[in-house]
Protein chains: 2
Amino acid sequence: MPLAMDKSSFLKGLGSNIVKLRSEKNWSQSDLARACFKDRQSIERLEKGKINPSIYYLKEIADALGVELSHMLMF
Amino acid sequence: MPLAMDKSSFLKGLGSNIVKLRSEKNWSQSDLARACFKDRQSIERLEKGKINPSIYYLKEIADALGVELSHMLMF
DNA sequence: GCTGTTGTCAACGGATCAGATGACATCCAT
DNA sequence: ATGGATGTCATCTGATCCGTTGACAACAGC
């Protein structure tokens with residue numbers, strides 16, 4: 001990951017990462033939302049890079065997806 | 001990192017990680033704050049695990065420390 | 001033609017973050 | 001012992017989050 005990356009680009013990249021991990025499990029946004037006890041719309045905002053999520057929120061997503069949090073951040 | 005880790009423990013662990021990385025560079029909290037253009041007190045809250053920081057905030061810290069964000073999350 | 005699923009957007013409200021300021025105790029060097 | 005650096009705490013304020021609700025278009029299956 002490039003240093004001093006633009007905030008918006010960073011969040012969009014993170015979102016894409018999550019979409020990819022979710023798709024690999026053939027999950028819909030609703031499936032992921034259910035798995036981490038969150039809202040479908042909240043997942044959508046995350047995947048589109050519209051928000052700057054908290055680290056623990058991301059950890060809950062990672063747990064639901066069954067991946068390491070650090071792995072989710074690599075791109 | 002154990003799955004379904006308690007939120008407070010998770011944030012404390014993250015803080016400890018940052019203290020460790022900062023200490024390895026022989027930096028004070030003020031040094032780190034300066035390096036990422038943040039507040040000394042903000043760094044302190046982070047290191048003590050008092051807050052649930054945003055992912056981009058953490059990326060700025062990682063950049064300042066010269067480490068990969070994913071590396072900062074491994075514990 | 002319906003009906004359910006999916007992805008996307010907007011808006012509201014309570015909760016929390018992050019910057020800023022001020023304060024205090026401890027430690028170290030002069 | 002005076003001064004500076006350090007770590008820690010509290011408080012205030014604007015910004016942003018996350019959950020929630022409601023809505024809409026596109027699509028698939030019955």
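Each chain gets a letter, A, B and so on, in the order the sequences are listed, and its residues count up from 1.
The distance from atom CG of Leu11(B) to atom P of dT16(C) is 13 Å, rounded to the nearest whole Å. Ile43(A) has its CD1 atom 12 Å from the P atom of dT20(D), to the nearest Å. The OH atom of Tyr56(A) sits 14 Å away from the P atom of dT16(C) (whole-angstrom rounding). With rounding to whole Å, Glu44(A) atom CD is found 15 Å from dC17(D) atom C1'. If you take CD of Gln29(A) and C1' of dG4(C), they are 16 Å apart, rounded to a whole angstrom. One atom, CZ of Arg34(B), and another, P of dT6(D), lie 7 Å apart when rounded to the nearest Å. Atom-to-atom, CG of Asn26(B) to P of dG7(D) comes out at 11 Å; the value is rounded to the nearest Å. Distance, Lys48(A) NZ to dC17(D) C1': 20 Å, rounded to whole Å.
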Once base and sugar-phosphate atoms are separated, protein heavy atoms under 4.0 Å mark nucleotides 18-27 of chain C, 5' to 3', with B, S and - as BBBBBB----
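Interatomic distance, Leu14(A) CG to Met74(A) CE, rounded to the nearest 0.5 Å: 13.5 Å. Atoms CZ and CD, on Arg45(B) and Gln29(B) in that order, are 11.5 Å from each other to the nearest 0.5 Å. Of the inter-residue distances, the one linking Ser70(A) atom OG with Glu68(B) atom CD reads 11.0 Å to the nearest 0.5 angstrom. Asn17(B) CG to Ile61(B) CD1: the interatomic distance, rounded to the nearest 0.5 Å, is 13.0 Å.
Nearest approach of Ser42(A) to Tyr57(A), heavy atoms of both residues: OG-OH, 2.7 Å. Nearest approach of Arg22(A) to Leu65(A), heavy atoms of both residues: CA-CD2, 3.9 Å.
Using five terminal pairs a side, the axes of the helix from dG1(C)-dC30(D) to dT30(C)-dA1(D) at its two ends make an angle of 40°, given in steps of 10 degrees.
Legend: residues meeting side chain to side chain contact (heavy atoms under 4.5 Å, CB included) with Asn52(A), ordered by chain and number and at least two apart, are Lys7(A), Leu11(A), Ser54(B), Ile55(B), Tyr56(B). Residues passing the salt bridge (Lys or Arg N to Asp or Glu O under 4.0 Å) test with Asp39(A), sequence neighbours excluded: none. The salt bridge (Lys or Arg N to Asp or Glu O under 4.0 Å) search around Arg34(B) returns Asp31(B), not counting sequence neighbours.
Considering only side-chain N and O atoms, Ser28(B) lies nowhere under 4.0 angstrom from the phosphate OP1 or OP2 of dA5(D). Between Lys50(A) and the phosphate of dT8(C), there is no side-chain N or O to OP1/OP2 separation shorter than 4.0 Å. Residue Arg22(B) has a polar side-chain atom (N or O) positioned under 4.0 Å from OP1 or OP2 of dG7(D).
Put simply, Val19(A) and Leu69(A) are part of two different groups of oily side chains (I, L, V, M, F, W, Y) that touch within less than 4.5 Å, one to the next.
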Nucleotide N/O of nucleotides 25-30 of chain D paired with protein N/O under 3.5 Å:
none

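Annotation for Lys20(B): atom NZ does not count as buried by contact number, only 12 or fewer foreign heavy atoms lying within 6.0 Å.
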